[in-house]
Amino acid sequence: MEKIKMVTPLVEMDGDEMTRILWKMIKDELINPFVDLKAEYYDLGLVKRDETNDQITKDAAEATKKYGVAVKCATITPNAQRMTEYKLHEMWKSPNGTIRSILDGTVFRTPITIPSIKPVVKNWEKPITIARHAYGDVYKSVEIRAEEEGTAKLVFEGKSGKKEEVVIHEFKGQGVIQGMHNTDKSIRSFAHSCFKFAIDTKQDLWFSTKDTISKKYDAQFRVIFDEVYQEYKQKFEELGLEYFYTLIDDAVARVIRSKGGYIWACKNYDGDVMSDMVSTAFGSLAMMTSVLVSPDGNYEYEAAHGTVTRHYYKYLKGEETSTNPMATIFAWSGALRKRGELDGIKELVNFADQLEGACFDTLNEGIATKDLVNLMEGITPKAVNSADFIGAIRQRLEKRLGC
Ligand code: NAP
Ligand code: MG
């Protein structure tokens with residue numbers, strides 16, 4: 001078979017630990033034999049980030065803005081223990097945070113579902129994608145512990161000199177106070193990313209806040225979403241898609257009763273909590289994919305899980321590991337499909353479909369990594385190590401591609 005040609009390079013961001021090992025295996029076995037991979041490579045492994053004073057992360061994000069599509073391996077976010085382990089010059093910030101702030105995007109998390117792993121909610125037939133607004137609210141809030149009786153006020157001093165002041169509470173004793181904010185700009189970016197992703201994946205979009213209680217703050221989210229929707233309405237109607245707004249409590253009830261197959265956009269805190277709930281209910285962190293979509297239409301695909309440190313330490317000792325590469329493979333297929341769509345390369349889009357198909361064939365035949373074996377029902381699964389699992393996928397991929 002002749003290798004599939006690419007036109008525009010894919011931004012490739014390598015990473016750390018066990019996922020770095022899987023990364024190479026996936027490229028060697030599942031990508032390079034079939035695709036004449038055109039990639040601009042950025043090593044976001046912690047060693048290189050430290051060597052370059054983290055410039056490499058910023059360069060990788062800028063390249064994503066330039067080319068439009070990136071695929072990223074999981075990376076270590078350093079903490080005190082990592083400072084010693086890697087003899088770091090500085091406690092570098094989370095690469096995902098750095099990339100997100102440069103691309104100004106929203107993260108969409110979608111579970112990979114298979115018939116033998118039943119979601120805890122038995123009527124969920126299709127994946128539910130959570131879109132979490134990743135700026136502001138309680139995550140950028142300031143707080144005061146009121147130690148005594150007194151008055152708490154919310155004050156805004158405009159640049160024009162205009163001043164607004166409201167009393168939060170007249171404390172009769174001790175208590176707590178919190179001040180938080182968001183910006184129209186960030187909410188608008190969030191809305192654009194959500195509508196774009198809904199159109200891309202041809203799924204309905206749900207958005208929920210608590211605007212009956214929060215009549216200015218949450219209401220502003222709703223107003224901006226309604227405004228931005230006007231730009232996408234025609235496309236939604238053409239595709240037969242629906243956008244609807246509902247209260248967060250109503251959304252929760254609807255989600256539980258639903259069949260799945262839509263995007264649920266949430267404010268920052270709601271998204272934090274609901275994404276953990278939805279992913280747990282679908283089965284496994286190792287089966288959760290993630291894509292960062294920027295408001296101007298750039299995409300960065302990755303797995304939702306981390307570098308799987310515990311498995312890496314076993315690997316270093318020469319022990320066999322059975323780490324699940326599914327979410328990382330789907331990051332590659334997602335990125336290649338998007339690249340194919342943008343460049344009009346049908347073969348590349350088809351390759352992405354066949355690669356995912358081969359993963360499903362493998363799992364549906366009961367060949368799986370250890371983490372999934374205990375979750376599978378209705379088949380007798382066989383646990384294999386990562387290399388054998390990827391090998392089994394390759395066999396099925398070759399069959400599908402007729403090699
Ligand atoms: P983790 O790497 O997601 O792993 C936590 C545990 O979940 C693993 O020990 C393993 O459980 C299970 N697991 C996760 N992915 C798996 C897979 N593909 N196959 C099989 N089992 C899997 O989280 P962590 O241990 O908290 O974090 C490790 C490092 O990753 C940290 O340095 C953190 O900063 C980084 N991190 C990076 C990202 C990112 O780049 N997007 C995200 C999160 C964390 P068992 O050990 O029980 O088998
Ligand atoms: Mg959380």
Side-chain angles (χ1 to χ4, degrees), residues 12-23 25-26 42-50 54 56-57 60-61 70-86 88 91-100 103 105 107-112 117 132 134 272 275-276 279-280 282-292 300-317 319-332 334-335 359 362-363 367-376 381 383-390 393:
E12 177 188 349
M13 308 182 194
D14 209 341
D16 288 298
E17 301 196 309
M18 203 59 217
T19 40
R20 189 180 180 98
I21 309 293
L22 292 178
W23 194 259
M25 286 162 71
I26 291 167
Y42 292 86
D43 183 358
L44 299 199
L46 190 48
V47 175
K48 194 73 183 180
R49 276 183 276 148
D50 194 49
D54 209 24
I56 190 101
T57 310
V71 58
K72 180 182 170 291
C73 179
T75 45
I76 293 170
T77 298
N79 54 16
Q81 183 252 318
R82 300 293 196 171
M83 293 286 291
T84 338
E85 186 184 353
Y86 283 82
L88 299 178
M91 202 186 288
W92 308 110
K93 289 204 184 112
S94 145
N96 286 23
T98 303
I99 295 166
R100 201 161 57 209
L103 293 181
V107 173
F108 296 83
R109 284 183 156 204
T110 310
I112 304 164
I117 300 180
R132 170 183 171 190
D272 184 351
S275 68
D276 282 335
S279 64
T280 309
F282 269 108
S284 165
L285 187 61
M287 296 284 274
M288 187 63 71
T289 62
S290 179
V291 53
L292 175 70
E300 184 237 321
Y301 292 83
E302 65 170 335
H305 60 75
T307 58
V308 211
T309 310
R310 203 184 65 85
H311 294 210
Y312 182 59
Y313 291 155
K314 278 178 72 178
Y315 168 87
L316 288 181
K317 280 193 256 163
E319 289 173 39
E320 192 174 81
T321 61
S322 181
T323 318
N324 189 340
M326 281 290 289
T328 306
I329 297 172
F330 274 60
W332 274 97
C359 292
T362 309
L363 289 175
I367 303 168
T369 44
K370 266 188 196 151
D371 57 307
L372 297 184
V373 163
N374 293 331
L375 302 172
M376 289 175 139
V384 292
N385 63 34
S386 307
D388 289 347
F389 183 65
I390 290 172
I393 295 169

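Indexing begins at 1, ligand by ligand and atom by atom, following the structure's order. Small disclaimer: the values here were computed from a predicted structure and weren't measured.
Within the listing of ligand 1, atoms 16 (C), 17 (C), 18 (N), 19 (N) sit less than 4.0 angstrom from a heavy atom of Ala286. Close contacts between ligand 1 and Thr309 involve ligand atoms 28 (C), 29 (C) [criterion: under 4.0 Å to a heavy atom]. Near Asn96, meaning under 4.0 Å from one of its heavy atoms, ligand 1 places the atoms 39 (C), 41 (N). Atom numbering of ligand 1 starts at 1 in the shown order; those under 4.0 Å from a heavy atom of Thr323 are 17 (C), 18 (N), 19 (N).
Under the 4.0 angstrom criterion for non-hydrogen atoms, Lys72 is in contact with ligand 1. No heavy atom of Met326 sits closer than 4.0 Å to any atom of ligand 1. Heavy-atom distances between His311 and ligand 1 reach below 4.0 Å in at least one pair.
With salt bridges taken as basic N to acidic carboxylate O contacts below 4.0 Å, one links Arg20 and Asp43. Salt-bridge check for Arg49 with Asp16: passed, with a basic side-chain N closer than 4.0 Å to an acidic carboxylate O. A salt bridge does not link Lys314 to Glu17: none of the charged side-chain nitrogens sits closer than 4.0 Å to a carboxylate oxygen.
For atom 38 (C) of ligand 1, the nearest protein heavy atom is under 4.0 Å away. Counting only heavy atoms, the protein never gets under 4.0 Å from atom 6 (C) of ligand 1. Counting only heavy atoms, the protein gets under 4.0 Å from atom 29 (C) of ligand 1. Protein heavy atoms are found less than 4.0 angstrom from atom 32 (O) of ligand 1. At a distance under 4.0 Å, no protein heavy atom can be found next to atom 26 (O) of ligand 1.
When non-hydrogen atoms are compared, ligand 1 lies under 4.0 Å from the side chain of Glu302 (C-beta onward) but not from its backbone. Looking at His305 against ligand 1, both its backbone and its side chain come within 4.0 Å, counting heavy atoms. Contact annotation: for Thr369 versus ligand 1, there are no heavy atoms closer than 4.0 Å. By the criterion of a heavy-atom distance under 4.0 Å, the side chain of Leu285, and not its backbone, is placed next to ligand 1.
Evaluated by nearest non-hydrogen atom to atom 46 (O) of ligand 1, the leading choice among Glu17, Glu85, Arg310, Lys370 is Arg310. For atom 44 (C) of ligand 1, the nearest non-hydrogen atom from the set Pro95, Ala304, Gly306 belongs to Gly306.
The protein non-hydrogen atom at the shortest distance from atom 8 (C) of ligand 1 is Val308 CG1, 3.8 Å. With respect to atom 34 (O) of ligand 1, the closest heavy atom belonging to the protein is Thr77 N, 3.0 Å. For atom 40 (O) of ligand 1, the nearest non-hydrogen atom of the protein is Thr75 N, 2.9 Å.
Side-chain contact annotation: Asp371 with Thr369, donor-acceptor N/O pair under 3.5 Å present.
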